[in-house]
Amino acid sequence: MTSEANVGALHDNLLTALGTAIVSGEYPAGEVLTLDGVSAQHGISRSVAREVIRVLESMGLVASRRRVGITIQPAHKWNVFDPQLIRWRLESGDRAAQLVSFSELRRGFEPAAAALAARRADPHQCRILAAAVSDMVVHGRSGDLDAYLLADKIFHQTLLEASGNEMFRALNGVVAEVLTGRTHHGMMPAVPNPAAIELHDQVARAIRLRDEEAAERAMRAIIDEAASAVAEEFSEPT
């Protein structure tokens with residue numbers, strides 16, 4: 001058991017180290033690594049290194065070919081919806097670009113998901129949305145950002161599930177990872193914006209009342225508020 005745990009830790013550590021190095025540009029596109037080189041540099045076995053390379057290959061970060069080696073892939077080949085890749089990008093100098101890109105993506109699907117939820121949500125999902133908003137109010141006032149984050153993630157997860165669309169639901173990991181990154185990288189105010197919480201309440205209420213237009217409109221306002229907060233965070237001081 002201990003040996004398996006150690007191997008798992010080595011695997012995870014190497015995956016994070018290589019993934020972060022690639023998305024940060026430390027390993028630029030076109031650079032070629034070797035399995036022996038990775039194994040020797042990080043002091044791990046070839047079998048662990050091989051498994052890590054397979055994971056990175058599935059994410060589009062590397063391409064492995066016999067007699068060529070492990071080639072770092074350009075960003076346009078990455079699986080940008082992979083939550084782990086999102087986490088690495090938020091931890092690198094690419095943070096602002098990742099958040100802007102995500103805001104643009106959200107505008108394309110969350111308002112539509114909110115409208116569908118107003119049509120399809122069941123009573124249990126409506127109760128979860130209302131409870132999540134209540135928790136956001138309580139934890140927003142107390143400044144408990146971790147508890148606030150959990151309530152926020154539950155809200156958005158339930159919204160996407162209530163849409164009844166399996167493709168929207170599959171984006172939950174993307175949303176959760178970016179919400180987590182905003183909190184863990186200090187991009188949330190010490191006391192969350194009451195206006196943002198009120199907008200979440202408007203979405204929950206509109207879904208409960210089956211008002212598709214109001215749900216879509218309030219969800220779009222949530223995204224606009226978050227995008228403005230990100231822009232302000234990364235704007236140059238005057």
Side-chain angles (χ1 to χ4, degrees), residues 59-60 75-76 78-87 89-90 95-137 140 148-183 187-188 192-233:
M59 298 167 73
H76 71 266
W78 299 351
N79 175 12
V80 292
F81 290 101
D82 189 294
Q84 197 158 30
L85 177 54
I86 291 171
R87 187 181 316 144
R89 291 184 68 188
L90 288 174
R95 190 174 303 155
Q98 174 72 84
L99 290 172
V100 169
S101 179
F102 177 66
S103 293
E104 294 170 349
L105 173 66
R106 290 183 75 187
R107 287 193 181 96
F109 75 88
E110 275 201 292
L116 287 173
R119 187 187 312 171
R120 298 170 175 168
D122 60 39
H124 178 63
Q125 289 168 329
C126 289
R127 286 193 293 270
I128 293 176
L129 289 169
V133 172
S134 294
D135 287 344
M136 291 173 71
V137 171
Y148 181 91
L149 169 64
L150 177 59
D152 198 12
K153 287 164 67 174
I154 290 172
F155 180 94
H156 290 277
Q157 176 183 349
T158 305
L159 174 76
L160 294 177
E161 290 175 351
S163 75
N165 182 294
E166 74 279 6
M167 292 189 177
F168 287 162
R169 185 168 56 244
L171 292 169
N172 176 59
V174 175
V175 176
E177 198 59 56
V178 175
L179 292 175
T180 300
R182 282 188 63 195
T183 297
M187 291 177 284
M188 282 287 289
N193 186 355
I197 299 174
E198 169 60 24
L199 288 170
H200 283 74
D201 187 47
Q202 289 179 25
V203 171
R205 188 184 312 117
I207 290 173
R208 185 173 66 253
L209 297 175
R210 305 299 184 194
D211 189 335
E212 296 179 33
E213 289 186 6
E216 182 173 351
R217 185 169 56 251
M219 189 67 242
R220 195 174 302 280
I222 287 175
I223 297 165
D224 289 342
E225 187 280 331
S228 295
V230 168
E232 184 176 342
E233 174 69 26

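Hydrogens, waters and symmetry mates are skipped; everything else that's a heavy atom, side chains included, is used. The model shown is predicted, which means the values in this text are computed figures rather than measured ones.
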Asks: Rounded to the nearest 0.5 Å, what separation is found between the CG atom of N172 and the NZ atom of K153?
Replies: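 If I round to the nearest 0.5 Å, the distance is 9.0 Å.
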Asks: So, taking the atom named NE2 in H200 and the one named CE in M136, what distance separates them when rounded to the nearest 0.5 Å?
Replies: 4.0 Å
Asks: To the nearest 0.5 angstrom, please state how far the CG atom of L105 sits from the CD atom of Q98.
Replies: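 Result: 9.5 Å between the selected atoms.
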Asks: Quick check: closest heavy atoms across L160 and F168, and the distance to 0.1 Å?
Replies: CD1-O, 3.6 Å
Asks: Which of these, R87, R89, R182, sits in a salt bridge (Lys or Arg N to Asp or Glu O under 4.0 Å) with E177?
Replies: R87
Asks: Output yes when a side-chain donor or acceptor of R205 lies under 3.5 Å from a complementary backbone atom of A130, and no otherwise.
Replies: no
Asks: Could you check whether any side-chain N or O of R120 sits under 3.5 Å from a backbone N or O of A162, counting only pairs where one atom can act as donor and the other as acceptor?
Replies: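 Not a single qualifying donor-acceptor pair exists.
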Asks: Looking at CG of D135 and CG of D152, how far apart are the two atoms once the value is rounded to the nearest 0.5 Å?
Replies: 11.0 Å
Asks: How close do R169 and G164 get, counting heavy atoms only, and between which atoms?
Replies: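 Heavy-atom minimum between the residues: NH1-C, 4.5 Å.
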Asks: Nearest 0.5 Å, please: how far is CD1 in I86 from CH2 in W78?
Replies: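 It is 12.5 Å, given to the nearest 0.5 Å.
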Asks: Looking at every non-hydrogen atom in both residues, tell me the closest pair between L159 and L129 and how far apart they are.
Replies: N-CD2, 4.0 Å
Asks: Compare every heavy atom of A118 with every heavy atom of A206, then report the nearest pair and how far apart it is.
Replies: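 Result for this residue pair: O-CB, 4.2 Å.
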Asks: Counting C-beta onward and ignoring hydrogens, is there a side-chain heavy-atom pair between Q157 and V175 closer than 4.5 Å?
Replies: no
Asks: Mind listing the closest non-hydrogen atom pair of L199 and A218 along with its distance?
Replies: O-CB, 4.1 Å
Asks: Is Q125 reaching over with its side chain to a backbone N or O of D122, donor-acceptor style, under 3.5 angstrom?
Replies: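 Side chain of Q125 to backbone of D122: a pair is present.
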Asks: Distance check, rounded to the nearest 0.5 Å: R217 atom CZ versus I222 atom CD1?
Replies: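 With rounding to 0.5 Å, CZ (R217) is 12.5 Å from CD1 (I222).
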Asks: Using modelled atom types and a 3.5 Å cut-off, is there a donor and acceptor pairing between side-chain atoms of S103 and backbone atoms of L99?
Replies: yes
Asks: So do the side chains of L179 and F155 get within less than 4.5 Å of each other, counting heavy atoms only?
Replies: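 They are not in side-chain contact.
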Asks: For H76, check side chain to side chain contact (heavy atoms under 4.5 Å, CB included) against everything at least two apart and list the hits.
Replies: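 Side chain to side chain contact (heavy atoms under 4.5 Å, CB included) check on H76 returns P74.
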Asks: Which heavy atom of V133 sits nearest to which heavy atom of A204, and what is that distance?
Replies: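 Smallest heavy-atom distance, with atoms named: CG2-CB, 4.2 Å.
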